[in-house]
Amino acid sequence: MSQALESLLDLLDLERIEQDIFRGQSRSAVVPRVFGGQVAAQALVAAGRTVPEDRLAHSLHAYFLRAGDPGAPIIYTVDRIRDGRSFTTRRVVAVQHGQPIFHLSASFQTYEAGMEHQADMPSAPAPETLPTAAEMLPRYAHLFTEPGVIERLLEAREAVDLRYVDAPPFGTVGEPREPRSQVWFRTNGKLADDPLLHVCLATYVSDMTLLDSVLLAHGRGGWVTGDVVGASLDHAMWFHRPFRADEWLLYDQESPSASGGRGLGQARIYTQDGQLAISVIQEGVVRIPR
């Protein structure tokens, strides 16, 4: 296991300070605020620690309310909304400096056999044939006027091996493309056999690239080039089938709409053998700087 992955796992290992109250630490992201995927993953950890182990997360719905301060801890308070015979529902509020910054609702279910069908996995090149972040990102160093951007991007991807199928938005600035994007990802090291841990790590990664397809439609490079400003507004995920975050997952993303200063991204995440594991939808603020 890489040192970066160990550090990420430590970040997700919340401190319990009361029965349903947890404290998480933060760290800086590529932009000077707490990375949204971190808050979502930590909130899901908090919810999961109040649920019986035989009940697995099957959905989450979240709102990003305020930018998080990476220099301060985050307090997660869990409300035990419902414990039914098959389903368990939890609500989590994340607080910093006395104000809520994030709200999550999550549902968990005992295993149940039922009807089965899924959308077919789209075609994509094998992940091993694609460049790593360390191989790809330095190619675009000339696009960034702010010092240290490449280093921050590489640091953000040390724990997760994330490989673009096509050029990222900042690789084709000024060239509008079809609003679709694909990446393969897996953690840089093996994980324990804990289903909640794999779900939380997929949640963490899901916020990294989902709005890329919005940018592609308009030929914008994104947050790191400064030709747009934005932030996640809400995020929803449905976990359909078992998967491992330490094995390759294909993140197939597209944007059906952008309007009103907002952009919508939707995606499906497949295992390498073609199983549809997760569906994701996210809306974010996407504005052109004045």
Side-chain angles (χ1 to χ4, degrees), residues 29-31 33 35-41 59-65 67 102 104 118-125 127 130 133 136-137 140 143 153 156-157 160 162-185 202-240 249-270 276-290:
V30 176
V31 291
R33 57 177 180 261
F35 171 50
Q38 174 204 308
V39 183
S59 70
L60 67 83
H61 301 263
Y63 283 92
F64 298 89
L65 306 176
F102 180 82
L104 172 97
Q118 68 161 72
D120 291 338
M121 181 180 183
S123 61
L130 302 172
M136 179 198 70
L137 288 172
Y140 302 110
L143 298 174
L153 284 169
R157 286 160 171 75
V160 178
L162 189 148
R163 306 190 186 195
Y164 279 88
V165 169
D166 297 305
F170 50 81
T172 54
V173 175
E175 302 175 15
R177 292 156 49 190
E178 182 184 5
R180 295 186 62 90
S181 176
Q182 289 182 325
V183 298
W184 286 98
F185 71 88
T203 300
Y204 177 87
V205 179
S206 70
D207 191 42
M208 284 185 171
T209 62
L210 186 49
L211 296 181
D212 280 3
S213 51
V214 177
L215 306 177
L216 292 174
H218 302 273
R220 296 282 168 169
W223 342 113
V224 291
T225 63
D227 63 356
V228 297
V229 293
S232 301
L233 288 171
D234 58 0
H235 197 86
M237 302 180 73
W238 293 264
F239 306 100
H240 308 302
L249 297 167
L250 177 66
Y251 200 4
D252 185 64
Q253 305 153 94
E254 65 176 342
S255 175
S257 176
S259 65
R262 307 182 314 278
L264 185 70
Q266 60 187 25
R268 293 167 175 164
I269 299 178
Y270 293 85
L276 176 57
I278 310 168
S279 295
V280 193
I281 296 180
Q282 182 182 73
E283 189 175 46
V285 171
V286 183
R287 295 183 177 130
I288 299 173
R290 296 177 181 176

Check this for me: does any side-chain nitrogen of one of Arg180 and Asp166 sit under 4.0 Å from a carboxylate oxygen of the other?
no

For [X] and [Y], which heavy atoms make the closest approach, and how far apart are they?
X      : Y      : value
Pro125 : Leu130 : CG-CD2, 3.9 Å
Pro289 : Gly226 : CG-O, 3.5 Å
Arg220 : Pro169 : O-CB, 3.4 Å
Ser232 : Gln282 : OG-NE2, 3.3 Å
Gln182 : Ser123 : NE2-O, 3.4 Å
Leu215 : Gly222 : CD1-CA, 3.5 Å

Checking side chain to side chain contact (heavy atoms under 4.5 Å, CB included) between Tyr251 and each of Val183, Leu162, Val165, which is the one that passes?
Val183

Spatial distance of atom [atom1] ([X]) from atom [atom2] ([Y]) [nearest 0.5 Å]:
X      : Y      : atom1 : atom2 : result
Arg163 : Trp184 : CZ    : CH2   : 11.0 Å
Leu104 : Asp234 : CG    : CG    : 12.0 Å
Ile288 : His218 : CD1   : NE2   : 8.0 Å
His240 : Leu276 : NE2   : CG    : 4.5 Å
Phe64  : Phe102 : CZ    : CZ    : 5.0 Å

Do [X] and [Y] have side chains that get closer than 4.5 Å, going by heavy atoms?
X      : Y      : value
His61  : Trp238 : yes
Met136 : Tyr164 : yes
Arg287 : Val228 : no
Ser206 : Ile278 : no
Val214 : Pro179 : no
Pro256 : Leu264 : yes
Leu60  : Phe239 : yes
Val285 : Leu233 : yes

Phe35 and Met208: side chain to side chain contact (heavy atoms under 4.5 Å, CB included), yes or no, with the steps?
CA-CA 9 Å; Phe35 171 50; Met208 284 185 171; 3.6 Å; yes

Whether the Gln253 and Asp212 side chains hold a donor-acceptor pair (N or O, under 3.5 Å, no angle test) is what I'd like checked.
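Checked: Gln253/Asp212 side chains show no N/O donor-acceptor pair below 3.5 Å.
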
Test item: side-chain donor near acceptor, Gln266 and Glu254, under 3.5 Å
yes

Side chain to side chain contact (heavy atoms under 4.5 Å, CB included) for Val286 and Arg262? Distances and angles first, verdict last.
CA-CA 5 Å; Val286 183; Arg262 307 182 314 278; over 6 Å; no

With side chain to side chain contact (heavy atoms under 4.5 Å, CB included) as the criterion, how do Ile269 and Asp252 come out once you've worked through the C-alpha distance, each side chain's angles and the decisive distance to 0.1 Å?
CA-CA 6 Å; Ile269 299 178; Asp252 185 64; over 6 Å; no

